[in-house]
> 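Structure in structure tokens, see below.
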Amino acid sequence: MTDQNQDRPSHRYDATVANALESRWQSWWDEQGTYVVGNPGDSRFDEGRPKYYCLDMFPYPSGAGLHVGHPEGYIGSDIISRFKRMNGFNVLHPMGFDSFGLPAEQYAVQTGVHPRDTTIKAINTFRRQLKGFGFSYDWSREISTTDESYYRWTQWIWLKAYQSFFDPATQKASPIGRLLDQLESGSVQPFDVDGTQMQWSAMDDSSRRDYLDTRRLAYLGEQTVNWCPRLGTVLANEEVIDGRSERGGFPVLRKPLRQWMFRITEYADRLLEDLDVVDWPESTRTMQREWIGRSEGATIRFPVGDGDLEIFTTRPDTIFGATYMVVAPEHPLVDSVIAAGCDSALTEYVTASRNRSDVDRMADSKEKTGVSLGIEATNPATGRSIPVWTADYVLAGYGTGAIMAVPGHDQRDHDFARAFDLPIVSVVEGGDDVEHAAWCGSGNAMNSVNDRISLDGLDTQSAKDVVIDWLESEGCGNRHVNYKLRDWLFSRQRYWGEPFPIVYDEQGRHYPVSDSALPVMLPELEDYEPVESDEPTPPLGKALDWVNTTAGEAGVDPDLLDPDTPVRRETNTMPGWAGSCWYFLRYCSPSCEDRFVDPRAERYWLLSERSKPSDVSLAPGEESFDAKNNQVGGVDLYIGGAEHAVLHLLYARFWHKILFDLGEVSTPEPMNKLFHQGMITSFAYKRADGSLVAVDAVCERDGGHVERETGESVERIVAKMSKSLRNVVNPDDVVAEYGADTMRLYEMYMGPLEASAPWNTRDIVGVHRFLQRAWRLVIDEENGALHLLEEGDDAVERSLHRTIHKVGEDIQRLAFNTAIAAMIEFVNEATGVGLSRAQFEKFTLLLAPFVPHVAEEFWHRLGRESSVALESWPVFDPSMLVDDQVEIPVQILGKVRSRILVAADADQKTLEAAALADERISELLEGLTVRKMVVVPGRLVNIVAN
RNA sequence: GGCGACGUGGCGGAAUUGGCAUACGCGGCGGAUUCAAAAUCCGCUUCCGGAAACGGAGUGAGGGUUCGAGUCCCUCCGUCGCUACCA
């Protein structure tokens, strides 16, 4: 390596030159504030320009530093941001760090260093690496979710939800005070858990308070939660995968606990509907729809003993076929049967299934198990007694945790009925013998008659409607929409998260901390490790001085609680998702001190209109969003991984909708266009038996790959980068070896941004050589002098205009790979000819979004003193895009047989004549009859002849 | 099992609306330059046959629509991602 470098021309573009000019321009951009963008009201800010908010998903700053996968989306968004900036937009392109939460804390626990210290260190590493790529972030807007000035507002937004309820009349969040007014005026009646109405005037203060508390959007609820003893915390359903924690893969148990919850279920319909109006990948919208899991059906009450057993079904039309019922092992009915005394088989089954983790339940899901409860229910349609069973194939968490089993028309019920010899009847036409397999499709109802109603002959949809109407009139059922989505568990028993701005009095009643007393600071703790135990024990409980305080000290409004009242602080913390629910808002005005976001800045950066509003200084809270004229989402382009398709993106939408309802933000959706970059994978090798081999244990031989040790031939496959396969690529190494511009180009040249592609070290040299050729085209490699032509070449000029056109179009559709290919072609064409000053200037502008350091260098060598990043995108001359003469393929029966050179605007007749006059064509047509001629002007001629 | 995406040269990929399949890059081969090599520049490189002209096949497999299909429709196979007893 070093020997080769000695002979190299001293002014060749190589890693040394690249690294030198990269650090020079990076410092210069920092000093000049090149990428700092103002806000409305700032002195040099031109509010008349259109805005473009281009956002990256901010990273978790883990101790390991950036991965080559991180920059892929960031490079893409940087190219777009630079392009928009050069096209006259005010571009908001910020970066920050999602620094609270499990990953940072786990790392701290492992290394024994305080999470605050590891977080700061990791952020510094990330920032250094990000700056090394020359991204055009406005670093003056950098935020970290762990900053006190940031999480103060995370707490504030949470309090907003705490102080609000979901008004069913308007389908919007509203201050809880309005509910109180409604209840006091009698315009709205309270109802209890079962839905029965109560009298507000008849309730005492304490039950009134309790009632309001149950209506809050952020509320304290008793829930069976996912308790992970190893992580020492509870987890949201979304954080549990196959019965194990998403982070760490530890077993998760189910445990009833009193926890802070978010009433996200109230927003289910709006979260679902607005998916139709955002510009998001279909796959992500589908995933969110499925996660919300809306199903229309009915709840039906089956009389059991003195009471009812309520079930949910999407097929009420099959009620005549319900031959037994099943409740989940966790269902209260099971407890009452056990309490009344029963055989040990039931107790054993229930205890076993309740303790079974979901992993085990999954393992033998094919085998249906269950035990009869020994009691009977009455099928309200047939009037017959049917047995009630418990089985773990019915899930406690979905619907009412109980089902009517229709073995004729549900495969799971069918499997169960066969296993326990329960009766199967057919009530829907279609399918084969229901004894053999359930018929789950639709068809006309049959065998569905009683004294008062007949469904026979009705198609499935009509039968559903008719039977629900009947059930409603009988008072034993209701039309009902059920959701898979459940309320969001928002407490964590961890140290590294936002404390809740809540205190409890001695009676255990909760009180909010006033806005003015925020933030509730995370106390310093020497011992921040999670407590591994069977009982959730938040580590903050160890900070006794912090926990035990007075209402006045904690900042509770004196009107709510006397300042001297002793109180205990809430010791749970918020989950890692909290900070990422609104960070894109804070970027609008990161140092705003009196609000979570400055209203004028929020309105400018979030609200996109077809025609610019003349006045952007309206106060928040005014209803200004206009579905016709405004873009539904505020962020114009959001780029990030598909792994956040459900969790982060659903939570952020939910928070945004609350804030929108309360008049705090201008748009109903946070992200207008969403784009997922693909994953950067790597190569690995596979033995014949399917086992994987690490990259460094394999060498190339005779065009194939063999394992070093054994000489066994192995197959090259594509796999995720992993430590065990030793195929992880460190971006620092790549930058050192080729320069940041080369790495930027390589990642964009690998393929479409949305596609996953394997990192292939061997290919990087291709784009590096392109930069060398571009450099050599205008710079003398021996003495470093610029060499430009006095007069530009005509062919090169035409090619340049085509390239300007192509690159501009490709950037807008995020097809960076083909844009780069076009620039490579241009350089190849100009090689050996050279460029004039004007041509070189235009080409430099084209390069600027992709390779900002090289472009800045070129720009300054051209004698410019301001940054190329702030110049205008070059304009192409449309007349240069078309040739006078074009070559048109002539086909016979769809096969290209010849080509003719004709005027570009030649019409149908001219083309026809020219094609037939072609020597080769007339030869081939000899003896054939021309049946038809298809002529597409400017494209081709196809002769149908036989 | 369900949903979704994708299958194009030795490799990464291009073909934006049904219109010249394989742009561009890597790798490979050859040439120029060089004492020699590296680097650079030029050329060739889907496969089969042929010295070439040219012919034939060809976008996972099979079928269909069309003057014409990588692109649209049906069936199947394979890979990846998500999801998983959701009543």
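Naming: A, B, ... by sequence-line order, numbering from 1 per chain. FYI, side chains are in, hydrogens and waters are out, and symmetry mates aren't considered; it's all heavy atoms of this structure. Only a predicted model underlies this, so the values are computations on that prediction, with no experimental measurement involved.
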> State, yes or no, whether a side-chain contact exists between A/Y738 and A/L771 at a heavy-atom distance under 4.5 Å.
no
> Could you tell me how far apart A/Y749 (OH) and B/A14 (P) are, to the nearest whole angstrom?
10 Å
> Does NZ or CZ of A/K368 lie under 6.0 Å from the centre of the six-membered ring of A/F416, at an angle within 45° of the ring axis?
no
> Name the residue closer to the 5' end of RNA chain B, choosing between A/P752 and A/I943 according to the nucleotide with the nearest heavy atom.
A/P752
> Return the pairing partner of B/C72 with a 3.5 Å limit on both distances, Watson-Crick or G-U wobble; otherwise return none.
B/G64
> Say you pick atom P in B/C24 and the same atom in B/A32; how far apart are they, in whole Å?
25 Å
> Specify the separation, in whole Å, of atom OH of A/Y746 and atom P of B/G25.
15 Å
> I'd like to know if the side chain of A/N379 and the backbone of A/A381 have a donor-acceptor N/O pair within less than 3.5 Å.
yes
> Could you tell me how far apart A/D317 (CG) and B/A87 (P) are, to the nearest whole angstrom?
14 Å
> Could you check whether A/K895 gets within reach of a base, just the sugar-phosphate, or nothing at all, counting any heavy atom under 4.0 Å?
sugar-phosphate
> Suppose you measure atom C1' in B/U40 against the same atom in B/A51; what distance do you get, rounded to whole Å?
33 Å
> Is the phosphate of B/U83, meaning OP1 or OP2, less than 4.0 Å from a side-chain N or O of A/R289?
no
> For B/C47, give its Watson-Crick or G-U wobble partner with both distances under 3.5 Å, or none.
B/G56
> For a quick test of reading the model: is some side-chain N or O of A/R12 closer than 4.0 Å to OP1 or OP2 of B/U40?
no
> Could you tell me which non-hydrogen atom of A/V394 sits nearest to which non-hydrogen atom of A/P329, and how far apart they are?
O-CD, 4.0 Å
> For A/R931, answer base if it contacts any base atom (sugar-phosphate contacts may also be present), sugar-phosphate if it contacts only those atoms, and nothing otherwise; contact means non-hydrogen atoms under 4.0 Å.
nothing
> Can you tell me the Watson-Crick or wobble partner of B/C41, both distances under 3.5 angstrom?
B/G31
> Report which part of the nucleic acid A/V936 touches: base, sugar-phosphate, or nothing (heavy-atom distance under 4.0 Å, all strands).
base
> Which heavy-atom pair separates A/R897 from A/I921 by the least distance, and what is that distance?
CB-CD1, 3.9 Å
> Contact class for A/R294 (heavy atom, under 4.0 Å): base, sugar-phosphate, or nothing?
nothing
> Rounded to whole Å, please give me the gap between CD1 in A/I892 and P in B/G55.
10 Å
> Tell me the closest heavy-atom pair linking A/D413 and A/V406, and the distance in Å.
OD2-N, 2.9 Å
> Just how far is it from atom CG of A/L333 to atom CD of A/E310, taken to the nearest 0.5 Å?
13.0 Å
> Give me the distance, rounded to whole Å, that separates B/A84 from B/C3 when you measure between the P atoms they each carry.
15 Å
> Can you check the distance between B/G56 and B/G60, where both ends of the measurement are the P atom (answer in whole Å)?
22 Å
> Is there a side-chain contact between A/R939 and the phosphate of B/A15, meaning an N or O under 4.0 Å from OP1 or OP2?
no
> So what does A/N482 touch, heavy atoms closer than 4.0 Å: a base, only the sugar-phosphate, or nothing?
nothing
> Between A/V896 and A/T286, just flag the one whose closest nucleotide in RNA chain B comes earlier from the 5' side.
A/T286
> Does the structure show a Watson-Crick or G-U wobble partner for B/G7, both distances under 3.5 Å? Name it, or say none.
B/C77
> Which whole number of Å gives the distance between the P atom of B/A53 and that of B/U59?
24 Å
> Assess whether a salt bridge exists between A/E809 and A/K806, defined as any Lys/Arg side-chain N lying under 4.0 Å from an Asp/Glu carboxylate O.
no
> Say we look at B/G68 and B/C20: how far apart would their P atoms be, to the nearest angstrom?
15 Å
> What residues in residues 807-820 of chain A put a non-hydrogen atom under 4.0 Å from any atom of RNA chain B?
A/R813, A/N817, A/T818
> Are any of A/S756's side-chain N or O atoms less than 4.0 Å away from OP1 or OP2 of B/G81?
no
> Rounded to the nearest angstrom, tell me the gap between atom NZ in A/K464 and atom P in B/A87.
10 Å
> Quote, to the nearest angstrom, the C1' distance that separates B/U79 from B/C73.
23 Å
> Suppose you measure atom C1' in B/G7 against the same atom in B/U71; what distance do you get, rounded to whole Å?
14 Å
> Cut-off 3.5 Å, side chains only: do A/T265 and A/Y483 have a donor facing an acceptor?
no
> In the structure shown, which nucleotide is the Watson-Crick or G-U wobble counterpart of B/A84, with both distances under 3.5 Å?
none
> Round to the nearest Å and state the distance from A/M404 atom CE to B/A87 atom P.
12 Å
> Does the side chain of A/R897 get closer than 4.0 angstrom to OP1 or OP2 of B/G55 through an N or O atom?
yes
> Describe, in one word, how the ring planes of A/F826 and A/F843 are oriented to each other, choosing from parallel (under 30°), tilted (30 to 60°) and perpendicular (over 60°).
tilted
> Please classify the nucleic acid contact of A/I403 as base, sugar-phosphate, or nothing, using heavy-atom distances under 4.0 Å.
base
